[in-house]
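Proteins get letters first, then strands, A, B, ... in listed order; numbering begins at 1 in each. Any value given below was found using the heavy atoms of this structure, including those in side chains, with hydrogens, waters and symmetry copies removed.
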There are 2 protein chains.
Amino acid sequence: MSAPDSSPAFKPLYQQIKILITQSLISGEWRPGEAIPSEIELANRYNVSQGTVRKAINELADENLLIRHQGKGTFVASHTEERRKFHFMRIAPDQGRQVYPDGELLACRRGKADSVMARLLEINTGATLVVVTRVMKVEGRPLAWEEVRLPAALFKGLNASRINEFSCRLYSMFESAYGVRILQVAEQIKAVPAPAEAAQVLGVPEHSPLLNIDRLAYTFGDKPVEWRRTLCDTREFHYMNKIV
Amino acid sequence: MSAPDSSPAFKPLYQQIKILITQSLISGEWRPGEAIPSEIELANRYNVSQGTVRKAINELADENLLIRHQGKGTFVASHTEERRKFHFMRIAPDQGRQVYPDGELLACRRGKADSVMARLLEINTGATLVVVTRVMKVEGRPLAWEEVRLPAALFKGLNASRINEFSCRLYSMFESAYGVRILQVAEQIKAVPAPAEAAQVLGVPEHSPLLNIDRLAYTFGDKPVEWRRTLCDTREFHYMNKIV
DNA sequence: GAGTGGTCTAGACCACTCA
DNA sequence: GAGTGGTCTAGACCACTCA
């Protein structure tokens, strides 16, 4: 490849390399959990300097697509890793250590996307959705009620038993069973009065305050692939966020 | 300076440069809004290569302490800039464009830190606090009730008229009037029943759901300098968060 | 000891800003 | 045109991992 020029759509070399690496991630040439080739190998492959490859890899590592380990290599991020478990999970107990709640499936059924859901998931109105409802529990006590909506076209054959196989670790299942990797999520958070169903499941009075977290989850190319609503009893838990 | 060695407490050169630059930021050698010296000048000053200075500056820019502008220079971040206004402000309307609420001061009084507040703010129990309460409004309609607690030792002479001078832009005032720069915040979010005072101010029924945001704000060296509780009416607004 | 990523340097050239 | 940060290269050496 050549040095940058002054063409109208100038794009630095390292950004072009980033795109090439991302394509190999999408195509599955390098799979979650595996090592990608070393910087030197990639530099030869793309015919650029090691420094340029390094800059591309560093940005992908900043975006949590790759994980670098000095002395070992660079690895494709995977939701099955322990360290990813809490990445998109921001609910923590007020007292004591962070715990990962257990999921208990309530239902897995089919539905149709209304116009709002269609716009959010960038699918057609009326397209088939997989709708999963579940309760999240900590030490047997219900913490949150959750409804997850997925475009059925992306998750063919998804059913209750498959969810239970992965013990409700949905993003891990998306990755392993459907090759769908969740890379980022956008959340909108409100305080709402508990609706009847959630109140009953959580064992709180109807209309008592619950934390409502609406999430859109995205895969490569900022493509939305999951919508979910979490209704969380925050009397002894909280949602945590750091802003730098 | 010399190349890295294998001493027990090995610290890369660029991290040492980061510390030196940070010290100049703390000391006020370079003030908010001003440009710092160019990379070449700093490389000469610290007797390292431009690449090493660059790496230090890039990390400080990633942490939002500095702002780089190609062709112009590198500037010290300031809360008085328009672009910082929404940085720590995560409440947005469900419909329409992001707006910045107006603050309306309710009270500015003195209090004493109880043991919980003392632990959070890393001060002594019984130390004097400045306690500010206010309402945030959008187009005249109350959106949130807020209580802010500050160590009085850091904010000498703070009173209602000074807050009003800065039209309730607290972080801008901290920076300009007290040299206290807020660099990061940690928030814990819950859904709570509206307490009497907030319910009255916000014009919502007592015990109706409000979003409760407890925030600790930190300056250099991860030193906490502000605690605040925001009680927000989220019927037409939400708290937004992106996780990558 | 071989292989990986991490740091550091020196130097070239580019894109952008401003006078 | 001078000055800034941004990209890219080639090469040296270091810290870390694993056999």
Worksheet item: Quick one: on DNA chain D, does Glu39(B) or Gly71(A) contact a more 5' nucleotide (nearest heavy atom)?
Response: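 Final value for this comparison: Glu39(B).
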
Would you kindly give the [atom1]-to-[atom2] distance between [X] and [N], to the nearest whole Å?
X: Gln15(B); N: dC14(D); atom1: CD; atom2: P; result: 18 Å
X: Phe10(A); N: dC16(C); atom1: CZ; atom2: P; result: 8 Å
X: Gln50(B); N: dC14(C); atom1: CD; atom2: C1'; result: 13 Å
X: Ile57(B); N: dG6(D); atom1: CD1; atom2: C1'; result: 12 Å
X: Ile36(B); N: dT4(D); atom1: CD1; atom2: C1'; result: 12 Å
X: Asn47(A); N: dA10(D); atom1: CG; atom2: P; result: 9 Å
X: Ile40(B); N: dA10(C); atom1: CD1; atom2: P; result: 13 Å
X: Phe75(A); N: dC16(D); atom1: CZ; atom2: P; result: 17 Å

Phosphate OP1/OP2 of [N] contacted by [X] side-chain N/O (<4.0 Å):
X: Lys55(A); N: dC8(D); result: no
X: Thr52(A); N: dT9(D); result: yes
X: Lys72(B); N: dC16(C); result: no
X: Ser38(A); N: dT4(C); result: yes
X: Arg68(A); N: dG6(C); result: yes
X: Ser49(B); N: dA10(C); result: no

Discussion item. Using salt bridge (Lys or Arg N to Asp or Glu O under 4.0 Å), reason through Arg162(B) and Glu165(B) one step at a time and then give a plain yes or no.
Written reply: CA-CA 5 Å; Arg162(B) 177 162 287 174; Glu165(B) 277 170 39; 5.0 Å; no

Practice prompt. Give the ring-plane orientation class for His79(B) versus Phe88(B), where under 30° counts as parallel, over 60° as perpendicular and anything between as tilted.
Written response: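 Plane angle between 30° and 60°, so tilted.
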
Practice prompt. Ignoring hydrogens and angles, answer whether the base of dG5(D) and the side-chain atoms of Arg54(B) contain a donor-acceptor pair closer than 3.5 Å.
Written response: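 In this structure, the two groups form no donor-acceptor pair.
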
Worksheet item: Between Gly33(B) and Glu81(B), which heavy-atom pair has the shortest distance, and what is it?
Response: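 Closest approach of Gly33(B) to Glu81(B): CA-OE2, 4.4 Å.
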
Worksheet item: Taking it one step at a time, do Tyr239(B) and Glu187(B) satisfy side-chain hydrogen bond (donor to acceptor under 3.5 Å, both in side chains)?
Response: CA-CA 11 Å; Tyr239(B) 181 98; Glu187(B) 301 189 315; 2.4 Å; yes

Discussion item. Test side-chain hydrogen bond (donor to acceptor under 3.5 Å, both in side chains) on Asn64(A) and Gln184(A); report intermediate values, then the result.
Written reply: CA-CA 9 Å; Asn64(A) 291 310; Gln184(A) 46 180 303; over 6 Å; no

Worksheet entry | Pi-cation contact, Tyr218(A) with Arg181(A) (under 6.0 Å, within 45°) |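 Not flagged: Arg181(A) not positioned over aromatic ring of Tyr218(A).
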
Worksheet entry | Stem segments of DNA chain D by first residue number [Watson-Crick or G-U, under 3.5 Å, at least 3] |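 As far as DNA chain D goes, consecutive pairing (with distances under 3.5 Å) yields the stems C:1-18 with D:1-18.
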
Discussion item. Go through it in stages, so that I can follow the logic: the residues are Glu226(A) and Arg149(A), the test is salt bridge (Lys or Arg N to Asp or Glu O under 4.0 Å), and I'd like the CA-CA distance, side-chain angles, deciding distance and then a yes or no.
Written reply: CA-CA 6 Å; Glu226(A) 180 210 57; Arg149(A) 299 186 190 179; over 6 Å; no

Fill in: Shortest side-chain distance from Gln70(B), nucleotide among dG5(D), dG5(C), dT7(C)
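Per side-chain heavy atoms of Gln70(B), the pick is dG5(D).
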
